[in-house]
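Since we're looking at a predicted model, the values are computed, not measured.
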Protein chains: 2
Amino acid sequence: MTDKIPTVHDVARRAGVSTATVSRALSNSDKLHPVTLERVLRAVEELGYLPNGAARGLTSRRTRVLALCFLDLGDPESDAGDDAMLYIDGVVRGMERAARERGYAILIGAVQDPDAALDLAVSLASRSDGIVLLGQAAPNSAIQRLKRLPVVVVAGRCDDDHGRVDQVRVDNAGGMTALVDHLVSVHGHTRLGYLGGPADSPDATERWEAFRRTVTGLGLPVPAPLPGDFTQHTGHAAAPALSPLPDAVVCANDQMAIGLMTALAERGIRVPADVAVVGFDDIDLGRHLRPALTTVRQPMQPIGAAAVTLLERRLRSAQLPPTDLRLPTTLQVRGSCGCPA
Amino acid sequence: MTDKIPTVHDVARRAGVSTATVSRALSNSDKLHPVTLERVLRAVEELGYLPNGAARGLTSRRTRVLALCFLDLGDPESDAGDDAMLYIDGVVRGMERAARERGYAILIGAVQDPDAALDLAVSLASRSDGIVLLGQAAPNSAIQRLKRLPVVVVAGRCDDDHGRVDQVRVDNAGGMTALVDHLVSVHGHTRLGYLGGPADSPDATERWEAFRRTVTGLGLPVPAPLPGDFTQHTGHAAAPALSPLPDAVVCANDQMAIGLMTALAERGIRVPADVAVVGFDDIDLGRHLRPALTTVRQPMQPIGAAAVTLLERRLRSAQLPPTDLRLPTTLQVRGSCGCPA
DNA sequence: TTGTATGCGTTATCAC
DNA sequence: GTGATAACGCATACAA
């Protein structure tokens, strides 16, 4: 560190060539005498030369970096990942793999406070060729501010899509329809209950709408949705309202389903014998319950990969109409719907 | 995208100030007339100006980015994380949180082929202020090449530590000792078996050494270690060699323990009634087995956080002696050792 | 408090 | 094939 950091100039001098030649040698460019190449590479080796990414980025006008900005809602004290984190991990992995194939690295940054998302997004965007905004980390202020470069909003609500902002979401409707279909056609349930999510969640809205539509389409009565906010607690609290007991209760997410199952167990009501319970999201815990939770799974890695694909596509041609991608969800049939474990 | 990207100059012109003032306004620097600041900020807003991170990095000589380089051993087809990936996710999260507090973002890159690790590491290093090399992604070639900037090797073998390369590892010895102690003092086991890991793994070596030392220290006979390579398969294959059946089998990692338990079950040998089985690592699956696997847990997030701390420390003062951090492991007592589930 | 001018390390455009 | 040189966008030392 005391010794000066070597630059292209040092390498050039040592190799007895010009900096231009060094640059060519390092970017495996076209015409270079093999001997020259060899000399440069050896000088690089001997000097322990590392290219300066900033300088490169400055001239080449691109960083070969794609950014991901998200909200960190996890418990900082816990080493165990909570569910939102597992979701993010999946997206990150999907992004990294897709980016790798295209020669990009992934820059990740998170904030706890949604209000800080804009600053973080700007900070990340300034160091990357494109950025993915995840869920609540995609306030409109950030979207507006960043849309000079490719932006993909994942699982968020993007009001302004007359711009060049692409979106990736999951097919909540398809998943919910499959779930209800399963309950009705496989198990013959006809009296369905519904435990809803917060009104300001696009996911919650789409799931409820799909539920209502599907149930109606099957000629069954649509229940009044029980209020919930996606927490285990409201799931638990919903139990008393379940009377008379329906054949099955569809919960807008897994956490509430789990809370409900707990409350049911406390009251001696058996799942799925007395009532079936199903969720949405496929969080880790659900797989390990007794009975294991039947639910709908989101394709985390494909979401990340799709975001990268959209980013790169727009990097090629900026003037594309905005894409709104819907990735398919998959029904995870387990025990809580009445299927054999 | 068609319109020219605004720079400090554009902002300066629009705000009627110099570029220096713009720069100061954006780096919330010391003395700036509030009115001037306001004007600049408004110009920034109106122009949708985003600072150019490359240019910044070039002059400031730092990127405010910390990199992580690792091997991606996961199954690209599977959406479910395999265990090595979960470990990495934990480290990433720990790094991100620690980095965030210090104003850094995390750049992640992975390769499948260890031979490609050097190139990736160089590529990442050139864009960051410091880099973490994870496990097998830390070949000596890379370490040597990169040590011009802060490098932390996590869970790797770093032969050359007469340099300025810090390391973070876990206390394999402490964990193993606690495990053996538990088996012996709580359960009274005296005839212990050992299923070892690959010879080229530092973890495997340390675990075996600690096992041997502890068993010897307790005055018990040291068994010949059964050969294994950390895969579930070799764990399974080791079962026939277990005769006469010892009181307990210590496996160098969880995967082998799980393979062994499967094989034992196939032979009608009950765990823990006939023989106790314990592992090391605390992978997710172990918690959900019947009986659940008693094992030793590594502190993933603290590992990531420690790596960042070391990086930043060395960023402050490069001429520090190399640190070799050992993070404590914790015994996870579950059913497979004979404790009540 | 604000402006001017220089240099950061690299790539790209020309020449040769 | 190779070399000189001009940007690239910003921060900062030095002036004012």
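With salt bridges taken as basic N to acidic carboxylate O contacts below 4.0 Å, none links A/Arg93 and B/Asp72. With respect to the salt-bridge test (charged N to carboxylate O, under 4.0 angstrom), the residues B/Arg97 and B/Glu101 do not qualify. Note on A/Arg157 versus A/Asp200: no salt bridge recorded, every NZ/NE/NH1/NH2 to OD/OE distance being 4.0 Å or above. The existence of a salt bridge linking B/Asp203 and B/Arg169 is excluded, since no basic side-chain nitrogen approaches an acidic carboxylate oxygen closer than 4.0 Å.
Recorded end-axis angle for the helix from C/dT1-D/dA16 to C/dC16-D/dG1 stands at 30°, based on five pairs per end and rounded to 10 degrees.
Comparing A/Ser27 and B/Leu37 along DNA chain C, the residue whose closest nucleotide (by nearest heavy atom) sits nearer the 5' end is B/Leu37.
Side-chain atoms of A/Arg313 and A/Thr323 form a donor-acceptor pair, as typed in the model, at a separation below 3.5 Å. No side-chain donor from either of B/Arg64 and A/Ser123 sits under 3.5 Å from a side-chain acceptor of the other.
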Anything under 3.5 Å between a protein N or O and an N or O of nucleotides 7-9 of chain C, put it in a table, one pair a line.
unit_1, atom_1, unit_2, atom_2, d
C/dC8, O3', B/Arg61, NH2, 3.3
C/dG9, OP1, B/Arg61, NH1, 3.4
C/dG9, OP1, B/Arg61, NH2, 3.0

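The distance between atom CZ of B/Arg24 and atom P of D/dT12, rounded to the nearest whole Å, is 10 Å. The separation between A/Arg62 atom CZ and D/dC8 atom P is 18 Å, rounded to whole Å. Atom CD in A/Glu38 sits about 13 Å away from atom P in D/dT2, given to the nearest Å. Taking atom CG of residue A/Leu26 and atom C1' of nucleotide C/dT10, one finds them 10 Å apart after rounding to whole Å.
A/Ser60 comes within contact range of no nucleotide atom at all, as no heavy-atom separation falls under 4.0 Å. Counting any heavy atom pair closer than 4.0 Å across all strands shown, A/Val22 reaches no nucleic acid atom.
Regarding contacts with the backbone of C/dT10, every side-chain N or O of A/Ser23 stays at 4.0 angstrom or more from both OP1 and OP2. Applying the 4.0 Å criterion to OP1 and OP2 of C/dT2, one finds that B/Thr36 has a side-chain N or O inside that range.
Between A/Val92 and B/Ile108, some side-chain heavy-atom pair lies under the 4.5 Å cut-off.
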- request: Show your working on side chain to side chain contact (heavy atoms under 4.5 Å, CB included) between B/Arg61 and A/Asn52 and close with a plain yes or no.
  value: CA-CA 9 Å; B/Arg61 278 132 160 2; A/Asn52 180 320; 5.5 Å; no
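Summarising the local packing, CZ of B/Arg62 is surrounded by 12 or fewer heavy atoms from other residues, nucleotides or ligands at distances under 6.0 Å.
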